[in-house]
Asker: 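Below: one structure in structure tokens.
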Amino acid sequence: MSIVFHDTWTTQKGTRDARRHQEKVDDAIRKNIKNVIGDESIITREGKKTILVPIKGLKDYRFTYKHHGHVGGVGQGEYEPGDILNPGEEEESAAGNQHGPEYMETEVDLDYLLKIMFEDLGLPWLDETNKTYIEIRKGWKFENISKKGVYSRIHKKRTMIESIKRNMALCGEIIRQTNCSQEEANLALAQTKGDINQAIDILLNGILIIDNEQSIIIQEDDLRFKHMEEDIDICSNAVVFALMDVSGSMTPQKKYLCRSLLFWLVEFLKKEYQNVHIRFIQHADEAKEVDEDTFFKRSTYGGTLSYTAFEKANNIINAEYPLKEWNIYTVYCSDGDDFDSIKTISQVEDMLPKLNMISYIEVREEQDIHFGSNTLLRYFREKWKFIESKDTKEGQYFINEENHFIMSVMKDKSHVWETLKYMLNINGSRILNETPTGDNK
Amino acid sequence: MNQTELQRLIKIEEVSYQIIKDEMKFQLVDIEFDIVPEQKMFEIMAYHMPGQIPNWKFGRDFEKVRTIYNKTGSSLPLEVVVPTNPARAYLMKDNSFAIQVLVMTHVMAHVAFSTMNKYHHLIDSDLVSKLNSACQRISDYERKFGLNNVEEIVDAGHAIQFHSTPLEREETEDEKRLRIFEQQKRAHHEKKATEFYDVINVGFSMPGGSADLPPVADYSYIERELYNNTLWNSLKHKTPVEPTEDLLRYLIDNSRVLSGWEKDILEIIRMQGRQYYWSLIKTKYLNEGFACFIHEKIMRKLFNMGLMTSEEHAEYNYSNSLVKAMNPYAMNPYLIGSTIWYDIEDRWDKGKHGDEWEEEPNLIRKKEWDTKEMKGWEKVHQILRTNHDWFFMNEFLTNDLTRDLNLYIYIKGKEFMAGKFIVTDYDIDQVRQMIINSFSHSGVPKIRVVDGNYRGKNDLLLEHEHIGIDLDDVYTHKTLEHIHNLWGNNIYLKTMKDKVAFSYKCYKPEINPIK
């Protein structure tokens with residue numbers, strides 16, 4: 001029998017394996033992004049910074065009976081037959097059981113999700129050399145190290161290194177002159193507090209005190225100080241116009257798809273680029289500039305005149321964003337129903353030279369009869385030459401490299417992520433390769 | 001924890017040891033207590049024991065333990081005890097004194113249980129050092145073959161870890177084949193010999209006396225050899241020779257895709273499941289209930305002896321009530337187990353057992369029955385030595401107790417009640433029976449390897465012994481995928497689903513034929 005007290009016994013495997021688990025969770029989220037990104041609750045959430053993400057396959061699977069967890073089980077407490085164990089609660093309350101549903105839900109920070117989602121994406125065709133820069137103050141950073149400075153900012157490690165360096169040089173000199181051992185030279189130096197001449201004297205005359213503890217002497221000369229400087233980040237200017245059709249023909253489902261796409265785009269831009277302006281424009285038969293909140297929540301009804309939105313954007317560009325200083329992007333979401341497409345095309349043609357990229361996203365529903373017949377997509381394709389590519393889930397993507405014009409057709413939640421990836425691909429090679437999803441068939 | 005507290009703890013340790021050994025008459029091996037910082041404690045809890053092989057699952061549990069602890073606060077006592085010889089136990093540094101004492105007495109009861117229970121005698125007392133050396137080998141494998149590959153094997157191993165029992169004999173396929181050959185041969189020839197004997201001696205044999213007479217040598221040598229040959233030929237290509245429950249053993253010995261290091265990892269996992277987890281799973285309610293039952297008794301004694309202050313006793317009571325709290329969604333082994341133990345002691349003290357008591361029609365007399373038999377403690381000792389969970393529940397979870405413990409069955413609602421859990425109106429007999437059923441095979445479905453060369457295609461045929469409850473679909477599919485990784489070929493699992501025969505399948509990924 002014994003009781004042993006361990007004051008410092010650090011974890012060994014726990015932290016390592018916890019990190020490994022986190023990696024697996026991230027991986028699962030990445031594989032499941034298409035479903036996460038289309039989740040309505042994310043856009044409608046108010047002020048919440050975390051979201052629940054369903055994750056597949058991070059459980060210890062073994063042969064088990066059905067009767068636990070999600071089907072039922074044995075419980076304890078003062079309940080009568082017919083009582084409900086979790087009134088007013090959702091299923092999650094039972095998630096403490098070992099056998100939950102197939103999906104495990106994890107609460108993930110939105111910023112964190114954005115980070116792992118948009119890892120290799122960015123604004124394409126960003127002109128970083130010609131447009132003027134803006135300086136952003138990020139705070140302070142330690143930059144230089146010098147011999148003079150305030151004691152509170154002493155750089156301990158560098159000071160120690162300098163001191164050891166000097167000590168070693170002096171020892172070498174002492175050994176050369178007196179033929180003593182390294183240890184003795186060190187002791188002598190310590191005894192004389194760093195004075196080399198005295199140390200040699202001591203060694204030659206044999207008055208070295210052996211039991212003197214060896215130590216390193218720091219002299220004025222060894223001190224090193226950190227110096228702070230303002231941390232400035234240099235960014236190029238960019239403005240993104242988010243245009244959206246909110247007319248009568250846009251059903252809730254279509255609007256939802258558009259908002260979903262624009263929401264993620266906006267969140268991504270806000271996170272990735274500190275200095276990007278985002279302007280929101282809605283239109284039905286008349287364009288209106290609105291703030292972010294209104295853009296994602298409110299809508300009007302009426303006829304559709306797409307050119308008004310482009311006109312509005314064009315006016316704002318002319319008035320506020322000189323082309324010399326700004327990278328300009330336009331993203332337009334609509335169902336392609338336009339009363340005056342000729343005007344729209346001329347307006348777009350007028351804008352094209354000013355823009356770094358223009359992107360047009362057409363949303364369709366299964367029941368739409370005019371499948372690709374009289375929509376804006378068709379007119380655009382007649383006007384400019386596009387290279388078309390398709391993915392396995394019936395998504396269509398078009399690109400015109402010359403004019404930096406990108407188009408996409410969204411029919412389904414899963415296209416949102418594909419479109420974003422296609423649009424924000426900075427490497428330039430827009431060959432669609434399906435990322436493996438978590439679905440098993 | 002400061003020095004005076006440590007001294008007090010050592011004093012209390014000695015006293016409790018005396019109580020268990022001399023007053024309660026239990027045996028227990030020495031215990032080495034380590035007082036560790038909380039992070040270390042979380043780690044040991046998540047990993048179940050020191051020397052556990054590293055895996056992301058334990059990392060996840062580590063985070064879970066930490067979160068739960070941070071959320072519920074420090075009044076929830078955490079305990080880890082490894083029933084080796086000497087036993088090892090861990091106390092958390094920052095716990096209050098009352099909780100240290102609670103955990104310590106609880107651990108002592110666990111150790112007494114392990115020392116005395118016959119199922120715990122199957123635990124390998126050298127397991128920790130074996131695992132430690134295995135960990136080093138595994139970290140070598142991780143460097144050599146990549147973390148992902150090692151993880152895949154460990155995950156697959158964990159999926160079927162519990163399908164190996166120490167009660168099954170350790171023998172290779174060849175040994176088994178030889179044994180079965182000998183058994184069947186002998187059975188056949190003896191039967192044959194007696195048949196001949198009967199024919200020859202029909203006129204002389206006394207009724208019932210034939211077995212005592214020696215077999216006759218006349219039984220033809222050629223016939224004998226012929227039978228032996230056919231028998232051996234039929235056994236030669238049969239794999240497994242007889243259905244086996246030891247999935248890991250069979251896969252390690254017969255898989256064509258596993259390489260040496262993979263087999264090494266699986267052997268470690270199998271050994272751990274067999275010589276550690278099996279015993280713990282088999283006796284969970286018995287063990288935890290016993291520990292609660294005993295620590296409550298010791299704590300009461302310590303308080304009466306003046307070794308604990310009344311504030312400390314109050315704190316202990318609060319923590320103890322958390323441990324024994326009712327859970328609306330699951331059974332609490334601490335509460336149910338200890339209640340049954342108290343009931344056993346009480347009933348055998350008063351002689352409330354046997355036919356006479358059971359058949360007593362007058363309920364009041366039945367309730368106030370007292371023969372002053374005082375055999376309670378003797379019965380506790382007896383159950384402690386011989387029982388496991390199923391026996392324990394089957395025999396001692398009475399209808400009265402089921403009612404007193406407020407046990408019920410709940411189901412998940414459908415349609416407009418979706419997402420809600422509803423208490424059913426099953427009567428007490430049904431509830432009790434369902435609880436007992438859930439303890440058969442310790443809750444691990446009985447799966448057997450029936451054929452390792454199913455339909456001559458080197459596929460693996462498994463069979464589930466259905467006991468009235470279906471297997472979980474998702475879990476079964478995922479587990480079969482794990483087995484598929486180890487076997488390399490198609491897997492079939494025969495079972496019942498919704499009362500009809502059903503077969504789960506897991507095919508190897510097909511190479512797309514040319515379209």
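Throughout, a chain's letter reflects where its sequence line sits, starting with A, and its residues are numbered from 1.
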Asker: Checking B:I409 against chain A: side chain, backbone, both or neither under 4.5 Å from a heavy atom?
Answerer: both
Asker: State, without any angle test, whether B:Y47 and A:D17 hold a side-chain donor-acceptor pair at a distance under 3.5 Å.
Answerer: yes
Asker: Compare all side-chain heavy atoms of B:K57 with those of A:D60 and state whether any distance is below 4.5 angstrom.
Answerer: yes
Asker: Give the C-alpha distance, both sets of side-chain angles, the deciding distance and a yes or no for salt bridge (Lys or Arg N to Asp or Glu O under 4.0 Å) between B:E142 and A:R16.
Answerer: CA-CA 13 Å; B:E142 277 175 4; A:R16 187 200 94 136; 3.1 Å; yes
Asker: Do the ring planes of A:Y79 and B:Y408 sit parallel (below 30°), tilted (30 to 60°) or perpendicular (above 60°)?
Answerer: perpendicular
Asker: Is it the side chain or the backbone of B:P86 that comes within 4.5 Å of chain A heavy atoms, both, or neither?
Answerer: neither
Asker: Where is the tightest heavy-atom contact between A:A18 and B:E63, given as atom of each residue plus distance?
Answerer: CB-OE2, 3.6 Å
Asker: What part of B:H477 lies closer than 4.5 angstrom to a heavy atom of chain A: side chain, backbone, both or neither?
Answerer: neither
Asker: Considering non-hydrogen atoms only, spot the tightest contact between B:H464 and A:Y65 and give its length.
Answerer: NE2-CE2, 4.0 Å
Asker: I'd like to know which of B:L147, B:I44, B:V444 tops the heavy-atom pair count under 4.5 Å against chain A.
Answerer: B:L147
Asker: Given side-chain contact (heavy atoms from CB on, under 4.5 Å), test B:I53 with A:K13 step by step and report yes or no.
Answerer: CA-CA 9 Å; B:I53 52 177; A:K13 299 168 195 161; over 6 Å; no
Asker: Below 4.5 Å from any heavy atom of chain A, which atoms of B:Y90 appear? Answer side chain, backbone, both or neither.
Answerer: side chain
Asker: Under 4.5 Å from any heavy atom of chain A, what part of B:K497 do you find: side chain, backbone, both or neither?
Answerer: neither
Asker: Evaluate the criterion side-chain contact (heavy atoms from CB on, under 4.5 Å) for residue pair A:D83 and B:I422; output intermediate values, then yes/no.
Answerer: CA-CA 6 Å; A:D83 280 1; B:I422 307 149; over 6 Å; no
Asker: Examine whether an atom of B:E151 lies under 4.5 Å from a heavy atom of chain A, and if so say whether it belongs to the side chain, the backbone or both; otherwise answer neither.
Answerer: side chain
Asker: Indicate yes or no: at least one non-hydrogen side-chain atom of A:I3 is less than 4.5 angstrom from one of B:L6.
Answerer: yes
Asker: Could you have a look at B:P445, B:A156, B:A159 and say which one has the most heavy-atom pairs with chain A under 4.5 angstrom?
Answerer: B:P445
Asker: Hey, does B:R60 have a side-chain heavy atom less than 4.5 Å from the side chain of A:Q22?
Answerer: no
Asker: Pair B:I160, A:R62 - check side-chain contact (heavy atoms from CB on, under 4.5 Å), show working.
Answerer: CA-CA 6 Å; B:I160 48 176; A:R62 34 179 59 121; over 6 Å; no
Asker: Checking heavy atoms, do the side chain of B:V431, its backbone, both or neither come under 4.5 Å from chain A?
Answerer: neither
Asker: I'd like to check B:I35 versus A:V4 (side-chain heavy atoms, cut-off strictly below 4.5 Å). Are they in contact?
Answerer: no
Asker: For atom CD of A:E80, is the number of surrounding heavy atoms from other residues, nucleotides or ligands below 6.0 Å larger than 12?
Answerer: no
Asker: Looking at side-chain heavy atoms only, is the closest gap between A:Q76 and B:L335 below 4.5 Å?
Answerer: yes
Asker: Starting from the C-alpha separation in whole Å, work towards a yes-or-no answer on side-chain contact (heavy atoms from CB on, under 4.5 Å) for A:R20 and B:N55.
Answerer: CA-CA 8 Å; A:R20 178 72 191 146; B:N55 186 259; over 6 Å; no
Asker: What do you reckon, is OH of B:Y426 surrounded by more than 12 foreign heavy atoms closer than 6.0 Å?
Answerer: no
Asker: State, yes or no, whether a side-chain contact exists between B:T476 and A:Y61 at a heavy-atom distance under 4.5 Å.
Answerer: no
Asker: Side chain from CB out, backbone as N, CA, C, O: work out which of these in B:F162 comes under 4.5 Å of a heavy atom of chain A, or both, or neither.
Answerer: side chain
Asker: Walk me through it: do B:Y475 and A:F63 pass the test ring-ring contact (aromatic ring centres under 6.0 Å, His included)?
Answerer: CA-CA 6 Å; B:Y475 273 70; A:F63 290 119; over 10 Å; no
